[in-house]
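Read through the structure below, which is laid out as structure tokens, and then see the notes.
Since the structure is predicted, the reported quantities are computational estimates derived from the model, not experimental observations.
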Amino acid sequence: MAEKNISVTLKVWRQASADKPGKFETYKVKDVSTGSSFLEMLDILNEELQKEGKEPFAFDNDCREGICGMCSLVINGVPHGPGRGITTCQLHMRSFKDGDVIVVEPWRASAFPVIRDCVVNRDAFDRIIQAGGFTNINAGSAQDANAIPIGKADADAAMDAAACIGCGACVAACKNASAMLFVSAKVTHLARLPQGQVEKRKRVLAMVAQMDKEGFGNCTNQYECQAACPKEISVDCIAKMNREYLSATVVEPA
Amino acid sequence: MNYNAPVTEGAKLDGHIPEGPLAEKWTKHKFDLKLVNPSNKRKYRIIVVGTGLGGGAAAASLGELGYKVDCFCIQDSARRAHSIAAQGGINAAKNYQNDGDSVYRLFYDTIKGGDYRAREANVHRLAEVSRNIIDQCVAQGVPFARDYGGLLDNRSFGGAQVSRTFYARGQTGQQLLLGAYQSLMRQVHKGTVNLHVRKEMLDLVVIGGKARGIVTRDLVTGQIETHWAHAVVLGSGGYGNTFFLSTNARGSNCSAAWAAYKKGAYFANPCYTQIHPTCIPVHGDQQSKLTLMSESLRNDGRVWVPRTKEMAEKVRKGELTPEQIKEEDRYYYLEERYPSFGNLVPRDVASRNAKMVCDAGLGVEASGRAVFLDFSEAIGRLGEDVVRQRYGNLFHMYEKITAQNPYKTPMKIYPAIHYTMGGLWVDYDLMSNLEGLFVVGEANFSDHGANRLGASALMQGLADGYFVLPYTIGGYLATMPPKATELTGDEPEFREAAKGVRERIQRLLSINGTKSPLEFHKALGHIMWDNVGMARTEESLKRALDEIPKIREDFWKNVKVYGKNEEFNQNLETALRVADFLELAELLAYDALQRKESCGGHFREESQTAEGEALRQDDKFAYVAAWEYTGADSNPALHKEDLKFENVHLTQRSYK
Ligand SMILES: Cc1cc2nc3c(=O)[nH]c(=O)nc-3n(C[C@H](O)[C@H](O)[C@H](O)COP(=O)(O)OP(=O)(O)OC[C@H]3O[C@@H](n4cnc5c(N)ncnc54)[C@H](O)[C@@H]3O)c2cc1C
Ligand code: SF4
Ligand code: FES
């Protein structure tokens with residue numbers, strides 16, 4: 001497909017730091033190739049801003065191929081922008097038309113405070129994993145990897161859930177800012193495998209308790225999270241986690 | 001740097017390789033290493049820079065052993081280290097497929113693949129512990145691919161003749177890293193590891209000839225801090241971004257390793273850089289990074305270009321589509337030139353051949369810098385469904401980026417910088433010449449010689465972090481009484497280093513020039529790719545060595561860095577990293593100039609066989625070139641470590 005050049009108008013969220021108020025600024029970006037990625041378009045914006053003597057715009061990114069989970073922009077109201085199953089960095093300018101107005105904002109959730117412009121603090125996710133998102137195994141003490149066969153269906157289902165990149169789009173998409181999809185993806189990944197069985201009760205209780213402590217909202221089954229998730233993590237994980245949680249509280253009252 | 005002056009040679013280096021037969025060295029050495037009394041472990045502080053497979057695995061394992069660990073990364077979470085991006089897989093000599101694999105075969109393949117420029121003892125140890133890695137990862141819950149019987153599946157990768165590669169869909173690096181990350185989080189919860197995210201190491205602190213701490217900048221507040229420890233571990237990744245465009249993450253940088261170099265740690269074989277043959281071609285000057293398409297594609301894809309310049313010209317202009325080109329007009333150059341390996345020749349050979357046909361005017365894509373990778377024959381032979389099962393996610397990714405459908409039209413690919421075999425010099429214990437400084441993962445130079453085999457970097461990072469460093473660092477610490485060697489982080493050496501960091505930042509902020517840090521990085525990238533890339537000559541290297549200092553000078557006069565230090569400032573972060581690339585680039589080119597042979601990823605046009613293959617000069621260059629920093633304006637000094645091959649016989653690689 002032949003690429004062409006387009007010009008777009010950006011309304012970008014600018015906020016100097018967490019304790020200062022933020023506002024939208026409007027910028028024009030001209031002559032962007034439709035073959036460029038959305039983040040390359042923002043690179044061009046930043047180079048232009050610097051030429052005009054203005055401070056560049058801050059946004060998180062690293063791998064630029066949809067796997068590190070660092071990029072995190074709400075584009076025209078949608079976390080990671082238009083297009084299913086992609087991250088912000090996988091969005092290309094061919095999804096836009098010449099003359100489009102594009103609104104760019106950070107993830108908005110009280111558990112993800114803004115650091116600067118569109119960069120937010122997602123430490124809460126790490127603390128949830130610290131609470132129990134692991135198996136208790138020290139290096140050097142494992143048995144042979146093929147000692148326990150794992151049915152392909154379980155292995156595949158575990159992999160589906162393990163594909164979560166921890167980006168937080170699910171939280172940003174949810175009107176309650178719930179972290180259920182993220183937490184349930186890890187719970188499901190480990191609960192589907194024999195290696196995760198021993199501590200599965202303790203794990204789900206501890207992770208859910210931490211999630212609540214971080215100030216994420218409740219899940220009211222809106223499924224916006226699944227629609228926004230770049231890895232298409234299924235809300236079935238949430239159902240699985242609810243079952244795990246229930247059986248854990250029955251056996252071991254919280 | 002005066003590259004015309006003769007090379008200054010310093011004392012030779014000793015890799016401290018244990019005595020004894022190859023296969024027994026590691027076992028015996030582990031026994032010989034001194035042990036730290038368990039109740040003393042918590043009295044030792046260890047700094048680990050990096051949370052990738054190397055650093056993350058090391059920090060978690062050291063925490064499990066009971067040491068007090070401080071661990072640093074520049075991303076907002078330890079889970080985002082660049083290791084996350086590895087797609088293809090991880091090697092291990094498990095021989096689960098019963099196809100004749102063994103520790104010795106993995107050892108042999110790695111030595112040969114590295115073009116006989118790695119240490120035998122290290123590589124053998126790597127092959128030995130590779131088996132433990134898979135056990136460990138499965139126990140962590142890494143969802144490796146399995147067959148219908150529930151056992152682990154393997155594939156052959158990068159031309160290996162056995163199936164020893166374990167994989168988790170196209171996300172192997174991600175799953176291995178999440179395993180290490182989860183183990184690390186467990187230790188954070190237990191309080192053995194103190195994690196510092198968004199904190200960048202900007203200097204190493206050396207006291208009495210020993211590495212004793214680091215200086216960091218908090219990337220959110222700009223605060224400059226000092227941290228002391230009994231030993232410092234660097235797992236800060238490779239320096240591929242010296243070339244600006246590479247498959248590395250945007251944040252990947254050389255600054256931690258470079259700071260160590262300037263504090264006295266030797267930098268080994270910087271010219272050993274790997275170029276990956278199957279990446280999506282550059283689309284224009286707005287491009288910010290290159291995306292790798294897994295090497296596994298070459299198992300079924302056929303590489304070709306139009307046979308004549310005229311036809312290639314028409315393809316470039318869009319007047320001719322690849323499907324319109326007849327079979328006999330397609331030049332399957334790898335199959336024709338290498339009948340026995342065909343499309344599966346090693347990375348360096350595949351890359352160089354792509355460059356050769358494009359230089360000859362046969363390249364496609366508007367830039368003329370691309371070749372076809374064609375699946376039509378495979379689709380005909382296997383059916384679209386089988387091809388989809390094997391490569392569906394890769395095809396999907398390709399289509400997302402290029403808006404072209406590889407089921408219908410051939411992919412276009414071109415080589416790109418991917419990995420750096422060179423790095424900080426370490427001995428068998430993974431310790432630098434600077435005592436107390438340990439280096440793991442891609443940041444060290446140790447196991448891949450002049451060329452890394454596919455699926456071997458993940459193996460090496462995890463081997464270092466889980467199974468080698470936790471033993472060897474104990475041997476070092478046991479020589480230090482923990483209490484008597486405690487520090488405060490406020491010693492003159494710490495204050496001096498912190499002051500140096502602050503001054504450097506102030507200098508950058510006060511230049512107030514006209515060009516952005518990115519402009520300099522791009523300019524450097526062009527020079528490196530054109531002159532120090534896939535094919536190097538004395539002339540091109542000298543050109544690079546003339547140009548790099550000019551860009552560096554211009555940088556320090558004309559860069560404009562916005563804002564201040566005391567805030568979240570990505571512009572400043574970039575400027576600091578680019579400043580280091582501008583220095584490392586020169587050492588890289590200088591090393592390449594001195595190594596007047598071709599080996600692995602380092603191809604000197606002056607040294608090739610009649611058929612155009614890389615020609616080693618074993619009598620002159622069978623050594624590791626480790627460079628010592630001697631000051632900003634003087635030439636670095638060369639310390640050689642002679643490579644001794646007692647078990648394998650050196651041969652000319654041939655894939656014909
Ligand atoms: C696209 C791609 C695909 C690949 N696929 C494969 C594959 O299939 N198989 C394979 O074996 N290998 C593969 N590789 C290579 C392999 O992924 C890497 O070599 C390996 O993961 C490097 O791990 P590491 O731990 O050394 O460093 P990294 O994972 O790069 O981690 C570096 C860490 O250091 C931190 N850091 C860096 N600088 C600083 C600083 N100054 N201060 C504080 N922290 C710092 C970073 O935050 C990060 O945590 C691939 C590489 C790429 C680019
Ligand atoms: S569940 Fe999906 S949206 Fe949520 S953090 Fe994981 S990958 Fe991101
Ligand atoms: S930058 Fe890594 S997922 Fe987008």
Residue part contacting chain B, namely of [X], when any heavy atom lies under 4.5 Å:
X        : value
A/Ile137 : both
A/Asp43  : side chain
A/Ser17  : neither
A/Gln50  : both
A/Asp31  : backbone
A/Arg64  : both
A/Asn61  : side chain
A/Ala147 : neither
A/Lys186 : side chain
A/Asn136 : both
A/Ile115 : side chain

> Going by atom types alone, do B/His283 and A/Glu40 pair a side-chain donor with an acceptor below 3.5 Å?
Replying inline: yes
> Side-chain donor-acceptor pair under 3.5 Å between B/Asn512 and B/Lys560, yes or no?
Replying inline: yes
>> If we check side chain to side chain contact (heavy atoms under 4.5 Å, CB included) with A/Leu91, which of these qualifies: A/Leu39, A/Leu73, A/Ile75?
In response: A/Ile75
> B/His189, B/Lys400, B/Gln286: which one forms the most heavy-atom pairs within less than 4.5 Å of chain A?
Replying inline: B/Gln286
> Under the side-chain contact (heavy atoms from CB on, under 4.5 Å) criterion, do B/Arg164 and B/Asn154 qualify, and how do the steps go?
Replying inline: CA-CA 6 Å; B/Arg164 63 160 76 99; B/Asn154 291 119; 5.8 Å; no
> Between A/Phe57 and A/Tyr27, is the ring centre distance below 6.0 Å?
Replying inline: no
> Relative to each other, are the rings of B/Phe166 and B/Tyr96 parallel, tilted or perpendicular (30° and 60° limits)?
Replying inline: perpendicular
> Under 6.0 Å from the six-membered ring centre of B/Tyr181 and within 45° of its axis: does the NZ or CZ of B/Arg79 meet both?
Replying inline: yes
